2 protein chains.
Amino acid sequence: MSYRRSFLMEERLADNRQRILKAARALVAEGGFNHASIAAVAASAGLSAGAIYRYFPSKAALFVEVLTSAIDHEIAILQAIAKGAGDVTCRLRGCVESFANRALEGPYLAYAFIAEPAEQEVDEARLLGRKRFGEVFKSLLIEGVEAGEFPAQSVDIGAACIVGAFTEALIRPIAPRAKREGRKELVEGIVAFCLRAVGATISGRKAGRGVRA
Amino acid sequence: MSYRRSFLMEERLADNRQRILKAARALVAEGGFNHASIAAVAASAGLSAGAIYRYFPSKAALFVEVLTSAIDHEIAILQAIAKGAGDVTCRLRGCVESFANRALEGPYLAYAFIAEPAEQEVDEARLLGRKRFGEVFKSLLIEGVEAGEFPAQSVDIGAACIVGAFTEALIRPIAPRAKREGRKELVEGIVAFCLRAVGATISGRKAGRGVRA
DNA sequence: CCAAGAAGTGAATCAGCATTCACAAAGAAA
DNA sequence: TTTCTTTGTGAATGCTGATTCACTTCTTGG
């Protein structure tokens, strides 16, 4: 045996891998999954098509990883907000706001990650992602009910509904070539909906009052 | 000129067209869009692959029509409930219940129509369908606010959120090879969520009281 | 029954891409 | 430097399934 990967080599490989992922993410961000053929990804990463397969077993696997790591990142952000201090209501608001704002920031990417048709495997990853988002909200709901901020309710269903609600409300403005206006109002509308839905009795704003109007 | 379509012929053609649509719908219902290749549809409709193209310009067009007509049907049902008599709250409940129950009845079909990846065009039709569903709920919301049953709110956003909420809550139980239990509880949970979300003050059941618990 | 046009057939074609593969270039040990 | 191994190349391959098309069969009006 006359070959062992040197440290430098090791690093360069890892770097390539990252570059592939990044290129894929970028391509999706600018034109959806269609834009992101293996050839395009390879070109944009400065490699040949064949090389991609030294790093990922298949196109699907590559995009599953792209999607999953984006979701991981998103979850981490939400988690940080959800585990923070203060009213549960406040934190719920924070989560929804934060997600919505980021989605509106990078609409193509968000659209692709939330709704664009893609291969089976990617879709499954997406479903899993939604479940994970749901779990963040679920624990928030549990906490809120325990703290007496929200009335008793089916937290599993409620969590799924919340995810669905803001997702859907976001999709239309996010979808390719949709007009994008009233971002503030949109986000606030979504938040208000969610807060009413969980039965929050305060608005969760900086120093808020009632939410019912 | 020695040929004009006779009445009988005309009918047979229309009948073929219907049979194609029906076959397509059935195939989707039993195995999602993958199952429904042109060849399969043709076979199941008792025609050859080529013949399909006498009736539809492309596969996408065929499935757009399948989807659209399913949505039309669904909308008609919801419309009937929404335009019926009684509390707005009651009717809103009725719409959500009805949709959810039908979706749980034919999970494959519902999954395909709501979420399964498919070609661009089909996806666009799906988006349009969601918008149309949204409109039904929007008018319900407007009516409810005017009647004083619901507090003032952004009805556009609210409508989208409602559609998203029940859709999402349905997806997991509907998705291929998911366990399906607690249907009643699921539907009731979704309804409760939606009613709280719009700020309904009664449960909308047969002769209901408060919804808050 | 015949001719003209329409509908139906299904094998061949085509297109779009992912995936492979024979080969080349580079890296590691000796 | 030699040799072995890994990594990179990119054209060729292969697959999948929609779409086409030359041809057959049917319908209609005369």
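Convention: sequence-line order gives letters A, B, ...; per-chain numbering from 1. All figures in this text were calculated on a predicted structure; none of them were measured in a lab.
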Of the options [options], whose atoms approach the side-chain atoms of [X] most closely?
X       : options               : answer
A/Ala51 : D/dT9, C/dA7, C/dT19  : D/dT9
A/Asn16 : D/dT20, D/dG8, C/dT19 : D/dG8
A/Met9  : D/dT7, D/dT19, C/dT19 : D/dT7
A/Tyr53 : D/dG8, D/dT19, C/dA18 : C/dA18
A/Arg12 : D/dA18, D/dT7, C/dT19 : D/dT7

Any non-hydrogen side-chain atom of B/Ile81 less than 4.5 Å from a side-chain atom of B/Val136?
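No, their side chains stay 4.5 Å or more apart.
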
Phosphate oxygens OP1/OP2 of C/dA7: is one of them under 4.0 Å from a side-chain N or O of B/Tyr55?
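So the side chain of B/Tyr55 is outside the cut-off, no N or O lying under 4.0 Å from OP1 or OP2 of C/dA7.
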
Can you see if the side chain of A/Ser48 gets near the phosphate of D/dG10 - specifically, an N or O under 4.0 Å from OP1 or OP2?
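No, no such contact exists.
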
Give a yes or no on whether the ring-centroid distance for A/Phe133 and A/Phe99 is below 6.0 angstrom.
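Between A/Phe99 and A/Phe133, which both carry aromatic rings, the centre distance is below 6.0 Å.
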
Starting at [atom1] of [X] and ending at [atom2] of [N], how long is that distance when rounded to a whole Å?
X        : N      : atom1 : atom2 : value
B/Glu11  : D/dT27 : CD    : C1'   : 16 Å
A/Glu10  : C/dG27 : CD    : P     : 15 Å
B/Phe7   : D/dT27 : CZ    : P     : 16 Å
A/Gln120 : D/dT16 : CD    : P     : 15 Å
A/Arg54  : D/dT9  : CZ    : C1'   : 10 Å
B/Arg17  : C/dA7  : CZ    : C1'   : 15 Å
A/Glu119 : C/dC17 : CD    : C1'   : 11 Å
A/Phe63  : C/dA18 : CZ    : C1'   : 12 Å

Mind checking if A/Phe56 touches a base, just sugar-phosphate, or nothing, with heavy atoms under 4.0 Å?
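The residue A/Phe56 makes no contact with any strand.
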
Take A/Gly50 and A/Asn34, find for each the nucleotide of DNA chain C with the closest heavy atom, and name the residue whose nucleotide sits nearer the 5' end.
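The 5'-side residue here is A/Asn34.
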
If you find the nucleotide of DNA chain D closest to B/Ile38 and the one closest to B/Leu8, which residue's nucleotide is nearer the 5' end?
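By nearest-heavy-atom nucleotide position, the 5'-most residue is B/Ile38.
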
Which residue lies more 5' along DNA chain D, comparing B/Pro57 with A/Leu47 via nearest heavy atoms
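It is A/Leu47 whose nearest nucleotide is closer to the 5' end.
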
Is it true that B/Arg91 and B/Glu97 make a salt bridge, defined as a side-chain N closer than 4.0 Å to a carboxylate O?
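No, no charged N to carboxylate O under 4.0 Å.
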
Show, in sequence, the C-alpha distance, side-chain angles and deciding distance for A/Leu92 and A/Phe150, and conclude whether the side-chain contact (heavy atoms from CB on, under 4.5 Å) test is met.
CA-CA 11 Å; A/Leu92 176 54; A/Phe150 311 148; 4.2 Å; yes

Hey, does the side chain of B/Arg196 reach the backbone of A/Leu195 with a donor-acceptor pair shorter than 3.5 angstrom?
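It does not hold such a pair.
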
